[in-house]
Every structure is written in structure tokens, then in C-alpha cells.
Amino acid sequence: AFSFNALLQAGIDAEKFERVIEAFEELPAAISVQPDMISHNTVIHALCKMGSLDEALSKFRELGNEPDIVTFNTLLNALYKSGRFSEGETLWAEMDVESESRVDPNVRSYNIRLRAMVAENKSDDAIRAAAEMLGKGLKADAYTYNALICGLCVNGNLDEALKYYEDLQRKKCRPHLFSTYSALIQAFVEAGDIDRAFKLCMDAVKRRLSLDEALCDRVVDGLNDKGKTKEASTLKIMMRPEGYN
RNA sequence: GCUUCUUGGGCAAUU
């Protein structure tokens, strides 16, 4: 069944979703393999990716008590991503409920949900959910921080974003630094806090991270507007790709 | 142990 599952996954990688469904329906009888949970999850993933979310959901219902954490995560992600936030929340509640078929949300589940919450401009809910996650003993990872920081920046919740950023500095997990820094710097530029933006640029340089040129130019312009020409030229030199001389 | 689920811009990656 491993090679059967690998075949299904290969179909997803190649974006031949109809072929995945076909193979899932026809091959087991033809080559006498028993689809396992991974097979079911893979085909549900394929249905989600081809936009047949409702079909994916009915496959999920057919599984009864079988669905595992991957099944839930796949469907939650698809629901949230396609703008069906409240249905996602309903499914979350179903997963998170006390019953014999209970499935404990893991860090990935929370990461998926946190992204959805900030995308819905529900920063407070996201902050609460993150705290709840930590309260359960789950550890925030790079995805968690990235989702929170980028989402809070976009929502203009800069104080909270900075808190998570500082929190992140103390951890050793490696976030996706490019988007984390880009989101923070852009948000502070737009909020007119050019000093903070400059400081973040310098932090990024220290981490040997090359930032987006256009964004750096905006910081340079902002510094010049404030008469901070020394900082402006520092940043210009630091950011030059052929720099370090 | 190996196959399924969440973020990601560029560069590079010895045939």
C-alpha cells in the first residue's frame, strides 16, 4: 500500500487530480490493495486541491470515526482558505469536542487556524487562540510566529506583532525571516515609525538577510525626509548586494 | 524507520 500511496501523492505533485481520484477508485480492486488512512487523506487532499471541497467533505463523513489529525488539518485548511471560515470553525469544534472520536489539535492545526483568523482580521481571536495553544503545552514554531507576526502587521496591530517578534528573538526556532521582516518593516513604514523600521532593517542585516530593494528604498526615503541622512546612507550601503567592502 | 496535512521573495545547489 506504500507504493499505492506514493502513486496517489505523485498525482498531486503533478496536479493531475482527476487521475488521483481515478486511481483511488480503480486500483485497489485491480491490484488488490487495501486503501489505508493515508490513502484516504491523500485523496481528500486531491479533492480539496481541485476545488471539490464538498466532495472532500462527504468523503470525510463516510469515514465515520476514522478521521485522524491529518484529515482534519487538510479539511480545515481548505475551508479556511476558500473563505468558508465559519464552516472551518464548526469543523474545528467537532474535532476539539469531548467524545470517543476526539482528535487533539496539534501545532499544525493551530497554525492553520491562526492564519485564518488573522486573514479574517480577527486579531484578538488569534491572540487568544495562540495563548490557548500554549496553555495546552503545545509549542509555537516558526509557522506560528510567522502567521501571527505577518497577520498582525497586515491588520495594523503593531504592538502585538512586536511582542511576538521579541518573543521570537528569545527562541531558537528559525522563522521564515524574509516575510517576517518584510511584514514588520512595511507595517512600520506605513505607520510612519521610520526609526523602528530602520532598526528592523539593521536587525535583518545582522542576520545576513537580504531584504526587498523597493522596501529598503522606502525606508531610505523616509529617513531622508526626516533629515536622518546618515542613517539613510548607512542603510543604502548595507543593502547594496555587492556591498561588504 | 519509509508514504498523507500548515507560511516562503531572491540567490545557490559540483551531471
Sugar-phosphate only, base, or nothing, as touched by S179(A) at under 4.0 Å among non-hydrogen atoms: nothing

Touch class at under 4.0 angstrom, heavy-atom based, for H45(A) against every strand present: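 It contacts sugar-phosphate atoms only.
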
Rounded to whole Å, how long is the line connecting atom [atom1] of [X] with atom [atom2] of [N]?
X       : N      : atom1 : atom2 : result
R207(A) : C11(B) : CZ    : P     : 23 Å
L79(A)  : U6(B)  : CG    : P     : 14 Å
L184(A) : G9(B)  : CG    : P     : 17 Å
D212(A) : C11(B) : CG    : P     : 13 Å
F2(A)   : U4(B)  : CZ    : C1'   : 12 Å
I38(A)  : C5(B)  : CD1   : C1'   : 11 Å
N73(A)  : U7(B)  : CG    : P     : 12 Å
Y181(A) : U7(B)  : OH    : C1'   : 17 Å

Do [X] and [Y] sit in one hydrophobic cluster, given that two such residues count as connected whenever their side-chain heavy atoms are within less than 4.5 Å of each other, even indirectly?
X       : Y       : result
V118(A) : V154(A) : no
Y80(A)  : V70(A)  : yes
F85(A)  : W92(A)  : yes
I31(A)  : L8(A)   : yes

Can you sort out the partners of [X] under ring-ring contact (aromatic ring centres under 6.0 Å, His included), two or more places apart, ordered by chain and number?
X       : answer
Y165(A) : Y181(A)
Y145(A) : none
F72(A)  : F60(A)
F178(A) : none

Tell me which pairs pass ring pair (Phe, Tyr, Trp, His ring centres under 6.0 Å) where either residue lies in [range], with sequence neighbours left out.
range                       : result
residues 200-225 of chain A : none
residues 204-233 of chain A : none
residues 20-39 of chain A   : F24(A)-H40(A)

Other residues, nucleotides, ligands: >12 heavy atoms within 6.0 Å of Q34(A) CD: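 No, not enclosed.
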
Atom CZ of R207(A) with >12 non-hydrogen neighbours under 6.0 angstrom: yes

Pair K199(A) + D193(A), salt bridge at N-O below 4.0 Å: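 Salt bridge flag = no for D193(A) with K199(A).
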
Under-4.0 Å salt bridge between K49(A) and E15(A): no

Under 3.5 Å side-chain donor-acceptor pair for S179(A) and N146(A): yes

Using a heavy-atom distance cut-off of less than 4.0 Å, which residues of [range] contact RNA chain B?
range                       : result
residues 162-171 of chain A : none
residues 9-36 of chain A    : Q9(A)
residues 103-121 of chain A : R108(A), N111(A), I112(A), R115(A)
residues 131-151 of chain A : Y143(A), N146(A)

Under 4.0 angstrom between K81(A) side-chain N/O and C5(B) OP1 or OP2: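 No, no such contact exists.
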
Reported OG1-to-NZ distance for the pair T234(A) and K228(A), which is rounded to 0.5 angstrom: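 Here the interatomic distance stands at 12.0 Å.
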
Nearest-neighbour nucleotide for the S210(A) side chain, G10(B), G8(B), U4(B) considered: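 Per side-chain heavy atoms of S210(A), the pick is G10(B).
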
Secondary structure string for RNA chain B (Watson-Crick or G-U under 3.5 angstrom, | for other-strand pairs): ...............

